[in-house]
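One structure below.
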Amino acid sequence: MNARRGWGGVRFTAYLCATLLPVVWLGAVLSHTVTEQVDNAALREGESQAKTLASAAIEPYLDDEQLRTGLSADQQQSIARTTTPLVDHGSVRVLRIRDVGGQIVFDAANPGGPFPHVAREPEVSQAATEGMVSLLTTVGADEVDGSLPNGERVIEAYVAIHANDDPSLVIGVLEVYIPFGSIAAERESSLAQLRMVIIAGLAALWVVLALIVTSVTRRIRSHSRRSEFLALHDALTGLPGRALYRDRVAAALNAAGRMGNDVAVAVLDLDRFKEVNESLGHRNGDDFLRLIAQRLKATLRPGDTVARLGGDEFGLVLPGAVSSSIEDIFARVLESIAAEAELGGVAISAEASIGYAMWPSDAEEPDALLRRADHALAAAKVARGAIVRYHPTSDEFDPQRLRLISELRRAIGAGELVLHYQPKIDVPTGRVTAFEALVRWMHPVRGMIPPNDFIPIAESTGLIGPLTHWVVDAALAQLAEWSQAWPDLAMAVNISARNLRDDLPGWVLNRLANYQLSSSRLVLEVTETSFAADPIRATVLLEELSAAGVKVSLDDFGQGYTSLGSLGHLPVSELKIDRGFVSAMEHSHEDRAIVASVIELGHQLGLTVVAEGVETDAVREVLQALGCDTMQGYLFSRPVPAADALGLIEGINATL
Ligand code: C2E
Ligand code: MG
Ligand code: MG
């Protein structure tokens, strides 16, 4: 903006200079014309003086004779009496009488003669025929008396001398040089005044012109700024439009590159806007979009960009976003949109889907990033109300997968998910101390779908949120139901990394309270990868839950890269050795050694060690010998429906 104003200033100055040129030129022309006028007037004046001289001081002394023969002594004297003082006095520089052929017959400066023979001068014959010839000249411009001050401006006038009795008869020519200075002096002063007036007038004109130009320029500039704004912004919401959005993305990437930050680029689409528009009318639809725009801006930080990409689609740019917390921000965005609003007397709330891509990990170029966010939005829309990050595997967006997403969304609400329970057995007593709740999807067409086939989809679409809510709630409801018979029984549930959001502790404790269950009866199984994305956050959240009494178990331990050193700092009270090691230890000494040292290490850190995937008695015996605390596996029971679980406890306990 400032650079533009600077450039405008330069152009304005250039414009003023350009207008100054013609104004100065006009001034020069005017002043020249006026000078010419003054010169002409002086010439006329000189002519009239010369005429007066001829008629008053010369003609009365002459008769009808041509002057070719010269003047008589009387005539010479009479004429010299009046004219010589004029020359002496300086009011006339030269006064000569010539015959019509041009020869001098009298010279006031030398009345007695002799007179030199001179060449014909055209002015003399012209004056003889036309009566008068005059010109403004400088002394020295032609041959005149050398005694005259050279360079003086004079009016050179030639006047026909007429015979005294016969005014039609020209008998000679009077030649006079009248100093221009005396005639022009007073005119010069008025000329100076006139010049001042011209200069002042033109200067005023120029100033007025400049003022007009300034104000017009300013108006044009503000107008063009306004039309530029309109071109780049959406008229309905005042938000940046698609073109500006792309610019903002590019600018955010540039800035982030310098600062070493990440950038999230997201596309948000309202899920049922068409219905709002159709049922409440377009006016209300417009109001609704404006409201959404306001809410989006209010939810995001001032440095973030909200743009309207058209219809019910909005674009977001969040510079400096941290991948692990970005979905919390988007969840808040969806919440703010979902808040009920009154439109045309009807309370409505909107759902939206968000697809996003992170810079630089998902794409490096602005356009690629936007395309990927669009891709992710397609998947998010299928799940509805979901937040989906772009995923590079192409099958992510294949039609079958997309259909599964949309079905899963429905399945969560439609009661198609069920929990199966697998017992965890305390090694010293051989008793069932807990169940692990494992989700299954009873698909109406495909039959039972195992969790490994749909949990990743739920995780990548944001459906993992509602899914985990459902699982925890159902598991706790089940535990509450079993409480009468088994008051100390614990329940383990699996929690995804993406469930580690700020609202998790509050929500979990609320559910426990709801079923009047002591928090120590809940175990949350998290994998090592949950700590990988945002270790500090995961630690803080799980610590809060531990502090409230909830147990945290590190699932599939050994698969990830948790350094044994950092294990002591994690807020976990249980270690579940990955079943890969457990099942392999029967035949591999190395795996056996690994399991032995994990058990040892876990104990030294004060953790309960669980072995999962125990399938054979041989493995059970080795684990028992190594001091493993808890076992879980097909050897004791596969995961079973709730109805079979209680009988299972009795069966297992009875075998002891
Ligand atoms: P996990 O948490 O490690 O669960 C144990 C998995 O090992 C279960 O598979 C279980 O059936 C299987 N298993 C138990 N004993 C044996 C055994 O002796 N031999 C063998 N080969 N397998 C055994 P499942 O039920 O298919 O679950 C697979 C994974 O899906 C789980 O691994 C867990 O990570 C995830 N999962 C299951 N339910 C949920 C859930 O409600 N939420 C989340 N986030 N993840 C879940
Ligand atoms: Mg588990
Ligand atoms: Mg496991």
Side-chain angles (χ1 to χ4, degrees), residues 408 411-412 416-425 432 434-442 447-479 490-501 504 508 511 522-530 538 551-560 562 572 574-586 595 598 608-620 623 628 630-642 644-645 648 652:
L408 179 58
I412 297 170
E416 287 178 20
L417 298 185
V418 294
L419 290 179
H420 281 191
Y421 300 92
Q422 188 178 36
K424 281 171 139 180
I425 287 112
V432 175
F435 278 104
E436 176 175 5
L438 295 158
V439 70
R440 276 99 183 82
W441 178 3
M442 301 303 183
M448 196 195 85
I449 304 179
N452 286 337
D453 288 0
F454 64 90
I455 294 286
I457 292 180
E459 283 176 336
S460 74
T461 54
L463 285 176
I464 193 69
L467 186 142
T468 303
H469 279 189
W470 181 87
V471 170
V472 172
D473 197 74
L476 290 180
Q478 188 61 71
L479 185 64
M491 183 65 79
V493 248
N494 295 283
I495 299 289
S496 283
R498 290 190 43 170
N499 292 131
L500 294 179
R501 290 185 28 193
L504 180 78
V508 166
R511 289 291 87 194
L522 178 64
V523 181
L524 297 181
E525 294 193 4
V526 297
T527 56
E528 290 168 74
T529 46
S530 303
K551 291 211 183 73
V552 179
S553 173
L554 198 57
D555 205 352
D556 302 343
F557 182 74
Q559 270 205 345
T562 313
V572 298
E574 185 181 274
L575 213 56
K576 282 184 88 169
I577 308 173
D578 186 68
R579 69 167 181 269
F581 297 104
V582 176
S583 54
M585 65 190 275
E586 196 172 355
V595 172
V598 170
T608 309
V609 181
V610 183
E612 59 178 8
V614 181
E615 293 182 359
T616 63
D617 273 320
V619 168
R620 180 179 61 92
L623 285 169
C628 178
T630 308
M631 289 189 224
Q632 185 182 351
Y634 292 171
L635 177 66
F636 309 99
S637 167
R638 291 186 170 258
V640 295
D644 305 334
L648 203 78
I652 291 173

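First listed ligand is number 1; within each ligand, the first listed atom is number 1.
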Looking at [atom1] of [X] and [atom2] of [Y], how far apart are the two atoms once the value is rounded to the nearest 0.5 Å?
X: Asp556; Y: Ile577; atom1: CG; atom2: CD1; answer: 11.5 Å
X: Thr468; Y: Leu504; atom1: OG1; atom2: CG; answer: 8.5 Å
X: Ser553; Y: Ile495; atom1: OG; atom2: CD1; answer: 11.5 Å
X: Trp441; Y: Asp453; atom1: CH2; atom2: CG; answer: 10.0 Å
X: Leu417; Y: Ile449; atom1: CG; atom2: CD1; answer: 9.5 Å
X: Ile425; Y: Ile652; atom1: CD1; atom2: CD1; answer: 4.0 Å

Quiz item: For Glu459, which residues count as a salt bridge (Lys or Arg N to Asp or Glu O under 4.0 Å) partner, sequence neighbours excluded?
Solution: none
Quiz item: Of all residues at least two apart in sequence or in a different chain, which pass the salt bridge (Lys or Arg N to Asp or Glu O under 4.0 Å) check with Arg511?
Solution: Asp473
Quiz item: For ligand 1, does Arg638 get within less than 4.0 Å through its side chain, its backbone, both, or neither, judged by non-hydrogen atoms?
Solution: neither
Practice problem: With heavy atoms under 4.0 Å as the rule, classify the contact between Leu438 and ligand 1 as side chain, backbone, both or neither. | Solution: both
Which atoms from ligand 1 have a heavy atom of [X] less than 4.0 Å away?
X: Gly613; result: 16 (C), 17 (C), 18 (O)
X: Glu615; result: 17 (C), 18 (O), 19 (N), 20 (C), 21 (N)
X: Val614; result: 18 (O)
X: Asp556; result: 3 (O)
X: Asp555; result: 1 (P), 2 (O), 3 (O)
X: Glu612; result: 3 (O)
X: Pro639; result: 11 (O)

Which residue and non-hydrogen atom of the protein lie closest to [atom], and at what distance in Å?
atom: atom 29 (C) of ligand 1; value: Asn452 OD1, 3.5 Å
atom: atom 5 (C) of ligand 1; value: Arg579 NH1, 3.9 Å
atom: atom 18 (O) of ligand 1; value: Tyr634 N, 2.8 Å
atom: atom 40 (C) of ligand 1; value: Val439 CG1, 3.7 Å
atom: atom 34 (O) of ligand 1; value: Asn494 OD1, 4.4 Å
atom: atom 35 (C) of ligand 1; value: Pro451 CB, 4.3 Å

Quiz item: Listing residue and atom name, which protein N/O/S atoms are closer to the Mg ion (ligand 3) than 2.8 Å?
Solution: Asp555 OD1, Asp556 OD1, Glu612 OE1, Glu612 OE2
Where do [X] and [Y] come nearest, in terms of heavy atoms and distance?
X: Met491; Y: Ala475; result: CE-O, 3.5 Å
X: Gly613; Y: Arg579; result: CA-CB, 3.7 Å
X: Thr461; Y: Arg498; result: C-NH2, 4.3 Å
X: Ala492; Y: Lys424; result: CB-NZ, 3.8 Å

Within a strict 4.5 Å, meaning less than it, do heavy atoms of the [X] and [Y] side chains meet?
X: Val439; Y: Asn494; answer: no
X: Gln478; Y: Tyr421; answer: yes
X: Val582; Y: Leu623; answer: yes
X: Leu524; Y: Val493; answer: yes
X: Leu648; Y: Phe435; answer: yes

contact_flag [X] ligand 1 heavy-atom lt 4.0 Å:
X: Pro450; answer: no
X: Arg440; answer: yes
X: Gln632; answer: no
X: Glu459; answer: no

Quiz item: Purely on distance, is any nitrogen or oxygen of Ile464 under 3.5 Å from one on ligand 1?
Solution: no
Exercise. Ignoring angles and geometry beyond distance, decide whether Gln422 reaches within less than 3.5 Å of ligand 1 through its nitrogen or oxygen atoms.
Key: yes
Self-check item: Sub-4.0 Å protein heavy atom next to atom 24 (P) of ligand 1
Solution: yes
Practice problem: Determine, counting only non-hydrogen atoms of the protein, whether one lies under 4.0 angstrom from atom 32 (O) of ligand 1. | Solution: no
Per-pair distances, 0.1 Å, donor-acceptor, side chain in residues 631-642, under 3.5 Å, sequence neighbours excluded:
residue	atom	partner	partner atom	Å
Gln632	OE1	Lys576	NZ	2.9
Gln632	NE2	Gln422	OE1	2.9
Gln632	NE2	Glu436	OE1	2.6

Quiz item: Of all N, O or S atoms in Glu436, which has the smallest distance to the Mg ion (ligand 2)?
Solution: OE2
